[in-house]
Engineer: 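I am attaching a structure below and will ask some questions about it afterwards.
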Amino acid sequence: MKTVATRFAPSPTGPLHIGGVRTALFNWLYSKNKSGKFYLRIEDTDKERSKDEFKNQIINSLKWIGINYEDSEYIQSDKIDDHINVANELLKKGLAYKCYCSSDEIEEQKKRAKQKKIPYIYNRKWRDRSENDAPKEIDPVIRFKSKVEDKSILKDLVQGNIEIENNTIEDFVILRADGSPTYNLSASVDDHLMGMTHIIRGDDHKINTFKQIQIYEAMNWEVPFFAHIPLIHTIEGKKLSKRDNASTLDDYSKIGIMPNALRNYLLRLGWSYKDKEIFDLDESIKYFNLEGIGKSPSKLDISRIYSINEYYIKNISENELFNFLKDYSKNFKDKIPEFKEEKIKKSLTFLKNKAKTLEDIYNNSKFLINDNIEIDQEDQKLLDKNANEIIKLFINKISEISEFNRDTLEPIINKLIKENNTNFKGVGQPLRICLTGSKFGPGIYDILYSLGKEQVVKRLSQIR
RNA sequence: GGUCCCUUCGUCUAUCGGUUAGGACACAUGGUUUUCAUCCAUGAAAGAGGGGUUCGAUUCCCCUAGGGACCGCCA
C-alpha cells in the first residue's frame with residue numbers, strides 16, 4: 001500500500017487561527033498514525049494579500065504546538081509554472097477553453113441573477129464558441145470544461161457520500177487573464193505532485209472538491225481520499241474567521257496555556273475516542289482516526305481549555321513544567337533570573353497547586369523571583385497597629401529557633417493566635433502581605449519555608 | 001435565492017435498535033482547609049418537532065423547523 005501523505009495548506013493572508021491549527025493537527029496525527037508523511041504548503045499565490053509576517057506566524061504556531069513537517073515548507077508560488085503547464089495541457093486536450101467574457105460582462109450577469117433571485121452560474125458562453133469570434137481587446141481566462149450531465153458522488157471519509165448534480169458546478173476559471181493559476185488548479189496540481197493520499201480539510205472546501213476531482217480525472221491522476229471536517233464555530237455559532245480575536249495560538253500562549261494542553265483540547269474538539277479525555281502525544285497518535293470525527297460543527301469553550309491546562313500543570317513532570325514556565329516568563333513577563341531558577345523549580349510543588357495557567361504560577365512565584373515587595377494601598381490598610389505588633393512578635397519568636405520548618409513554625413503561629421486573641425487570618429494575612437505583597441497566594445508555611453529565615457526576617461523588618 | 005451539510009445536558013461528547021441515555025467542563029449545594037483560584041462528595045441538566053419502519057427507536061427512512069458552509073479572474 002502507498003505511504004500515507006497528508007498536508008496542511010494555509011494561505012499566508014492572515015494569522016493562523018485555532019481552527020486552522022486543528023486542521024493541521026488532524027492531518028498530522030493521521031499521517032503519524034499511519035506512519036506516513038506530513039507536509040506544510042504555503043499557498044501564497046495571492047501576491048497582494050500574502051505576507052511573510054503571516055507565513056512566519058504559521059510556521060511558529062505549528063512549531064509551538066509541536067507539529068513538525070517533512071523537509072521545509074513547500075512554497076506554492078515556486079511551482080506556478082507547473083500549474084500553468086497543466087492548464088495548457090487541459091486546453092490542448094480540449095478539456096478547457098478560453099473565455100473572452102469581460103469582467104464587466106460577468107459582473108452584469110451576476111447582478112441580474114441576484115435581482116431575479118436566481119442562482120448565478122457562468123453561462124458557459126465560450127465553451128463551444130470558435131476562437132474566430134474572439135474580441136481582440138480582451139485577454140481571455142481559461143475555464144475548465146466542467147461536467148454538465150449526471151451527478152457526482154464524493155465518498156467523503158468523514159461525511160459519507162455526498163451527491164451533487166454536475167450542472168450546479170460551473171466552468172470555473174483555472175487561469176486568470178494575467179495568466180496566473182487559480183486556487184483549484186494550483187491545489188490539485190500540487191496535491192498530485194506532492195503525492196498526497198489523503199486530503200483532510202475544513203468542510204468549507206466541499207464544493208471545491210468536486211471541481212478538483214474533475215481536474216484529477218481529466219489529467220488521469222489518481223484521486224486522493226477526502227475527509228471534510230466540520231468547522232469550528234464561535235460561541236455565536238459562526239465560522240471562526242481571521243477577524244475573530246482571541247483565536248490565534250499566541251493569544252492562548254500569552255495567558256499561560258501550554259502547547260500540550262491546547263493540543264489535547266483541540267484534539268477532543270470534534271473528535272472523540274470513547275470517554276477518554278486526556279491524550280498524551282503518543283496516545284493521540286495511537287488512537288487518532290477519521291471515524292472518531294463528528295459531523296457537526298463544534299464551539300470553542302475557553303473554560304475547557306483552562307481546565308485541561310490545569311490538568312496538565314498538575315500532572316506533567318515538574319521539570320517539564322518548569323521549562324514551560326521559563327519560556328512563558330521570558331516571552332510574556334520578566335525573565336526568571338538564573339540564580340533563582342533552582343529555587344522556583346524546587347517550589348513548583350506548591351506554586352502549581354492553585355494554578356490554572358502558567359500566568360498563575362508566575363504570579364504565585366513573584367515573591368520568590370523579586371525580593372522587593374510592593375504593597376498596594378488596599379493591602380497597606382490591613383497592616384494596622386495590631387498587625388505590626390504581631391509581626392514584631394513573630395520576628396522575635398523566630399529569632400529564637402534554630403530549625404526553620406513547619407514543625408517549628410506552627411507552634412509559634414498558634415501561640416501568637418492565642419496570645420493576641422485572634423484567628424489564623426489575624427496572623428497569616430499580615431505575614432502574607434509583608435512577605436509577598438498580596439493577600440492571595442501559596443500557603444503561609446510554604447511561603448515561609450521557601451523564603452528561608454534570613455529573607456523572612458529581612459522582609460518583615462522592612463515594614464513599619 | 002440555489003446547492004450541500006448538520007441537529008443528544010449551557011459546552012465538548014458516549015451510545016453503532018433494547019441503557020435508570022454515560023463521561024468531562026461549566027454551574028449549584030455541602031464538606032475539608034492555613035488566605036483560596038485547591039481537593040472531595042452530592043445535585044440539577046439532553047435525544048428540535050411531526051410522521052413512518054419495527055415487538056421495540058436517540059439510533060433506520062421521510063417531512064418540517066432551526067443552524068451552518070459554499071455560491072470570486074480569494075484561498
Side-chain angles (χ1 to χ4, degrees), chain A residues 9-14 43-46 48-50 76 99 101 103 106-107 110 113-114 116-121 139-143 154 156 159-160 162-165 168-170 172-184 186-187 202-208 210 228 230-231 233 235 237-239 265 268-278 291-292 294-308 310-311 314 350 352-357 360 363-364 410 413-414 417 423-425 427-429 431-433 438-447:
Chain A
S11 65
T13 54
E43 305 214 324
D44 61 341
T45 52
D46 183 341
E48 295 282 301
R49 297 194 302 149
S50 292
Q76 189 164 57
C99 163
C101 291
S103 24
I106 300 283
E107 282 310 309
K110 281 185 190 169
K114 207 167 189 181
K116 285 193 193 161
K117 295 204 169 192
I118 52 170
Y120 166 76
I121 181 166
D139 291 326
V141 298
I142 296 183
R143 289 181 183 270
L154 166 62
D156 193 277
Q159 316 241 353
I162 303 164
E163 213 178 84
I164 198 170
E165 293 285 342
T168 60
I169 307 284
E170 68 170 356
F172 53 98
V173 173
I174 54 177
L175 230 50
R176 300 184 185 95
D178 66 2
S180 63
T182 62
Y183 167 73
N184 282 118
S186 296
D203 69 10
D204 47 344
H205 281 289
K206 246 185 298 181
I207 301 298
N208 286 328
F210 287 95
H228 287 96
L231 267 10
H233 281 179
I235 216 74
K238 299 272 188 250
K239 171 184 169 180
Y265 171 76
R268 280 288 286 98
L269 188 63
W271 178 83
S272 62
Y273 180 79
K274 299 179 181 168
D275 272 344
K276 196 169 164 58
E277 300 283 351
I278 301 297
E291 293 76 47
K295 286 182 161 193
S296 50
S298 33
K299 292 184 185 130
L300 226 40
D301 179 7
I302 186 72
S303 69
R304 194 60 178 287
I305 297 177
Y306 279 116
S307 149
I308 292 184
E310 185 181 8
Y311 178 90
K314 287 171 186 168
F350 70 86
K352 72 178 181 183
N353 193 244
K354 290 160 209 164
K356 276 184 154 59
T357 64
D360 292 342
N363 286 339
N364 284 342
E410 200 165 351
I413 289 191
N414 286 338
I417 292 170
N423 53 17
F424 180 84
K425 203 175 169 186
V427 177
Q429 193 170 66
L431 281 178
R432 175 175 285 108
I433 291 173
S438 169
K439 283 195 290 290
F440 307 109
I444 194 71
Y445 294 108
D446 288 327
I447 293 172

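Below, chain A is the first sequence line, B the second, and so on; all start at residue 1. Computed from a prediction, not measured in an experiment: that's the story for all the values here.
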Engineer: With both distances under 3.5 Å as the test, what is the Watson-Crick or G-U wobble partner of C27(B)?
Structural biologist: G43(B)
Engineer: With both distances under 3.5 Å as the test, what is the Watson-Crick or G-U wobble partner of A65(B)?
Structural biologist: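 Pairing partner, where one exists within any strand: U7(B).
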Engineer: Rounded to whole Å, please give me the gap between CD1 in Ile121(A) and C1' in G72(B).
Structural biologist: 14 Å
Engineer: Indicate for each nucleotide in nucleotides 19-32 of chain B, in 5' to 3' sequence, whether protein heavy atoms under 4.0 Å reach the base (B), only the sugar-phosphate (S), or nothing (-).
Structural biologist: ---BBBSS------
Engineer: Please state the C1' separation for the pair A48(B) and G67(B) - nearest whole angstrom.
Structural biologist: 11 Å
Engineer: Classify Tyr445(A) by what it touches in the nucleic acid, base, sugar-phosphate, or nothing, heavy-atom distance under 4.0 Å.
Structural biologist: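 It contacts base atoms.
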Engineer: Could you tell me if Asp178(A) and Ser180(A) have a donor-acceptor pair between their side chains, going purely by distance under 3.5 Å?
Structural biologist: yes
Engineer: Provide the distance between the two C1' atoms, one in U35(B) and one in G43(B), to the nearest whole Å.
Structural biologist: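 Roughly 28 Å separates the two C1' atoms.
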Engineer: Would you measure the distance from the C1' atom in U29(B) across to the matching atom in A14(B) and give it in whole Å?
Structural biologist: 27 Å
Engineer: Let me have a per-nucleotide readout for nucleotides 1-7 of chain B, 5' to 3', with B, S or -, counting only protein heavy atoms under 4.0 Å.
Structural biologist: SSSSSSS
Engineer: In whole angstrom, what separates Lys352(A)'s NZ from U38(B)'s P?
Structural biologist: 16 Å
Engineer: Nearest whole angstrom, please: distance from the C1' of C70(B) to the NZ of Lys238(A).
Structural biologist: 14 Å
Engineer: Using a heavy-atom cut-off of under 4.0 Å over every strand shown, decide if Pro10(A) touches base, sugar-phosphate, or nothing.
Structural biologist: nothing
Engineer: For His205(A), answer base if it contacts any base atom (sugar-phosphate contacts may also be present), sugar-phosphate if it contacts only those atoms, and nothing otherwise; contact means non-hydrogen atoms under 4.0 Å.
Structural biologist: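 Base contact.
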Engineer: Rounded off to whole Å, could you give me the CZ-to-C1' distance for the Arg49(A) and G72(B) pair?
Structural biologist: 11 Å
Engineer: Base, sugar-phosphate or nothing for Thr45(A)? Non-hydrogen atoms, less than 4.0 Å.
Structural biologist: sugar-phosphate
Engineer: Find the distance Phe440(A):CZ to U38(B):P and express it as a whole number of Å.
Structural biologist: 13 Å
Engineer: In whole angstroms, how far is the C1' atom of G72(B) from the CG atom of Leu175(A)?
Structural biologist: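 Going from CG in Leu175(A) over to C1' in G72(B) covers 16 Å.
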Engineer: Considering only atom C1', compute the distance from U59(B) to U11(B) and round it to an integer number of Å.
Structural biologist: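 U59(B) and U11(B) have their C1' atoms separated by 23 Å.
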Engineer: Provide the distance between the two C1' atoms, one in U53(B) and one in C61(B), to the nearest whole Å.
Structural biologist: 7 Å
Engineer: Which whole-number value in Å describes the distance from Trp271(A) CH2 to A14(B) P?
Structural biologist: 11 Å
Engineer: Could you tell me whether the phosphate oxygens of A14(B), OP1 or OP2, come under 4.0 Å of any side-chain nitrogen or oxygen in Ser272(A)?
Structural biologist: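 Looking at the OP1 and OP2 atoms of A14(B), one of them is under 4.0 Å from a side-chain N or O of Ser272(A).
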Engineer: Give me the distance, rounded to whole Å, that separates C25(B) from G66(B) when you measure between the C1' atoms they each carry.
Structural biologist: 26 Å
Engineer: Nearest whole Å is fine: how far is G67(B) P from Lys299(A) NZ?
Structural biologist: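 Those two atoms, NZ and P, are 12 Å apart.
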Engineer: With C1' as the reference atom in both, quote the distance from C27(B) to A46(B) in angstrom, rounded to an integer.
Structural biologist: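 Those two atoms are separated by 16 Å.
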Engineer: Pick base, sugar-phosphate or nothing for Val173(A), based on heavy-atom distances below 4.0 Å to the nucleic acid.
Structural biologist: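 Sugar-phosphate, no base atom in range.
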Engineer: Hey, does Gly441(A) reach any base, or is it just sugar-phosphate, or nothing, if we go heavy atoms under 4.0 Å?
Structural biologist: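 Base contact - Gly441(A) has a heavy atom under 4.0 Å of at least one base atom.
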Engineer: May I ask which nucleotide in the shown strands pairs with U59(B), Watson-Crick or G-U wobble, both distances under 3.5 Å?
Structural biologist: none
Engineer: When we call it a touch if two heavy atoms are under 4.0 Å apart, what does Gly237(A) touch: a base, just sugar-phosphate, or nothing?
Structural biologist: sugar-phosphate
